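What follows is one structure encoded as C-alpha cells, with my remarks underneath.
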Amino acid sequence: MDVTLIGGGIAGLALAHQLAPDHTVTVLESSSGPRGGGYMIDFFGPGFVAAERMGIIEELRARGHAFEGVRYAGPDGRETGRIDVGPLAAALGGRYFSILRPEVELGLLAVLPPSVELRYGAPVVAVRDAGLVGAASARRAVVELADGTVIESDLVVACDGVRSAVRGMVAPGHGPIVPMGYRVASYLYEDPQLAAELGERMLMTDTVGRVGWAYAADAARVGVMLAERVDPSSTQRPTPDRERLQADFAGLHPQVDRALEHAPESFYDDLVAQAIAPRWSRGRVVLAGDAAHAPSLLAGLGTSLAIGGAEALARSLRASGPHVEAGLAEYERAWRPTVEKTQRAGRRTAAFFTPSSPARLRLQQLLRRGFSLPGVERLLPRTFLAP
C-alpha cells in the first residue's frame, strides 16, 4: 500500500517507522529540515511502552536526561519548595526520563528505515479523498503540494499538528484549535554559567498569573519556558516579539530575568490548546498525533500520545490487512479512550501551573508538600493519568 504522511514531526516519523516494513511510505514536511529549539518534556505513559515495543526506547533514552527534580522559588529568589522525581520514576517502574522535544525527532530520524522517502520543504496545500466506493473500485486519496506536484495514495495520514489544515476536512466544524486560556513561549540559548547554577533541578517560579521555568538543557545551554493566562476566546497564534516577551515576564525570578536578557529574536510562542474531533478519518484520509488529539502542552503527554498513537494506528492497519477503513475504525475505537482520558486530565490540571490568585498559589504549595508523604508515590501514575 502507498501511504503519504503529512508532517515529519514526532507523530509522522514514528508512524513511518512502523509502516515502512509493510508499505511504501512518503513523508512530506513543510519545513526545510528538522526543527531546532524546542523545550524539555517528560517522557512516560503510553508512548514509553509503545517505544519499547517499537524497539526505539534506547535511542530515545540515550538522548534524554534524568533530573533530580524541581525547585520552586519566588520573585525574590527565595526557595519555596522542592519535588523529587525519584518517587515518580520508581512508581512508573523506571519508565520515565526527560528529553528535549527536538531530540525525540532526531532520535526517530536516526532509526528511520532507509526505504522511507522523506521530503523536506514540501508544504501541502490540498487533500481530498478521491476514490469511489464500489464493489471493484479501490479507495484512493490525493495530496497537492505548493509546487503543483500531485501525489495519489492508498492512504493519507495527516500528522500536521494541533493547527492541522486537514482536520476540518475530516471533521467539518472542528478544524480550529480549542484554546485553554494560556500562552507559552520557550527557547534555548548558550549560557554555561547559568546552566551550572541550575544544576540537576529545574527551576519553576512560585508566581500568580504567569510562571517561568529555567533548566540546564546540557552543560552549555539553558532552556526557558514562560506561561501566562490570556483571553480563552482567542485562537490567533501570537507573533514572537523579543521586547514584549521580556516585558511580559520580567520579575518572576532573578535567574529567569538573566535568561530573558538572552531571549532570541525568533522563539516558540503559541497558545496552549487542544484538538478535539468527533471523528479521525474520512475515506482514505486519517488524522494522527496532535492533528487528531492534542492534549495541550501543559498536559505533559503530547509526545507520548504521538508515539503511542502512531504505534496503535500501524498495529490496527496491520491487523486489518486489505480492509483499510476497518483498520482506521479500529484504531479510533481502541485509542480514543486513552486520548480523551488524557485530555480531561489536561483540562483539570492546566490551572495548577499558573495559579490565578494568591489563595490558589498557597493551595498549590500545600499540595506540593503532600507529595513527600509516605506512600504518595504509589498514587502518582494514577494522578497523572486519571480518567
Side-chain angles (χ1 to χ4, degrees), residues 1-28 45-56 108 116 127 129 131 133 138-141 143 153-162 164 166-172 174-175 274-295 299 301-344 385 387:
M1 180 165 74
D2 293 325
V3 184
T4 299
L5 310 184
I6 303 172
I10 292 171
L13 294 175
L15 184 56
H17 179 277
Q18 291 302 97
L19 294 178
D22 304 310
H23 307 288
T24 302
V25 180
T26 300
V27 181
L28 305 174
F48 197 111
V49 177
E52 288 179 322
R53 288 194 295 259
M54 294 164 64
I56 64 173
L108 290 168
V116 174
V127 178
D129 185 37
V133 181
R139 299 298 300 266
R140 301 280 282 175
V143 171
S153 306
D154 298 299
L155 178 66
V156 170
V157 188
C159 309
D160 53 339
V162 62
S164 171
V166 182
R167 187 168 57 248
M169 184 202 106
V170 172
H174 295 270
Q274 293 187 335
I276 297 176
R279 62 184 301 168
W280 293 347
S281 65
R282 182 178 294 274
R284 291 298 181 95
V285 180
V286 63
L287 306 172
D290 280 353
H293 49 63
L301 279 166
T303 297
S304 184
L305 290 183
I307 293 176
E311 196 243 0
L313 174 54
R315 188 167 3 104
S316 293
L317 289 172
R318 192 176 302 119
S320 67
H323 308 290
V324 177
E325 283 88 349
L328 301 182
E330 174 58 19
Y331 152 65
E332 183 169 347
R333 186 203 66 77
W335 188 239
R336 185 178 281 277
T338 297
V339 164
E340 292 184 344
K341 178 172 65 175
T342 305
Q343 289 183 319
R344 286 194 298 270
L385 300 172

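All residue numbers in this chain count up from 1 along the given sequence. If you're wondering where the values come from, they're calculated on a predicted model, not measured in any experiment.
- Within the 4.5 Å cutoff, the side chain of Leu108 has no heavy atoms near those of the His17 side chain.
- When all heavy atoms are compared, the tightest approach of His23 to Val3 is CB-CG2, 4.0 Å.
- Of all heavy-atom pairs spanning Val156 and Ala141, the tightest one is CG2-CB, 3.7 Å.
- Of the inter-residue distances, the one linking His293 atom NE2 with Leu301 atom CG reads 11.5 Å to the nearest 0.5 angstrom.
- By the 4.5 Å heavy-atom criterion applied to side chains, Ser153 and Arg284 are not counted as neighbours.
- Rounding to the nearest 0.5 angstrom, the gap separating the CD atom in Gln343 from the CZ atom in Arg336 is 8.5 Å.
- In this structure the side chain of Thr338 reaches within 4.5 angstrom of the side chain of Leu305, judged on heavy atoms.
- For the pair Val116 and Val27, the minimum side-chain heavy-atom distance is below 4.5 Å.
- The shortest side-chain heavy-atom distance between Asp22 and Leu317 does not fall under the 4.5 Å cut-off.
- Rounding to the nearest 0.5 Å gives a distance of 10.0 Å between OG of Ser164 and CE of Met169.
- Side chains of Arg53 and Arg315 form a contact here, defined as non-hydrogen atoms less than 4.5 Å apart.
- What you find for Leu287 and Tyr331 is that their closest heavy atoms are O-OH, 3.1 Å.
- Paired with Leu328 under the rule side chain to side chain contact (heavy atoms under 4.5 Å, CB included), one option of Ser281, Ser320, Ser316 passes, and it is Ser281.
- By the 4.0 Å N-to-carboxylate-O rule, Glu332 lies too far from Arg279 to be salt-bridged with it.
- The two residues Gly45 and Ser304 have their closest heavy-atom pair at C-OG, 3.6 Å.
- Salt bridge Arg282/Asp129: absent, no basic N to carboxylate O contact under 4.0 Å.
- Annotation for Arg140 and Asp2: closest pair NH1-OD2, 4.2 Å, computed over non-hydrogen atoms.
- Not a single donor-acceptor pair under 3.5 Å links the side chain of Glu311 to the backbone N or O of Ala51.
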**Request:** Before giving the answer on side chain to side chain contact (heavy atoms under 4.5 Å, CB included), spell out for Val286 and Val170 the whole-Å C-alpha distance, their side-chain angles and the decisive distance to 0.1 Å.
**Result:** CA-CA 7 Å; Val286 63; Val170 172; over 6 Å; no

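- With a 4.5 Å cut-off on side-chain heavy atoms, Leu5 and Leu28 do not count as touching.
- Residues Ile10 and Ala306 come closest through the heavy atom pair CG2-CB, 4.0 Å.
- One distance of note links CZ of Arg318 with CG of Leu313; it measures 10.0 Å at 0.5 Å rounding.
- Taking CG of Leu15 as the start and SG of Cys159 as the end, the distance is 5.5 Å to the nearest 0.5 Å.
- Counting heavy atoms from C-beta outward, Val339 and Trp280 have side chains that approach closer than 4.5 Å.
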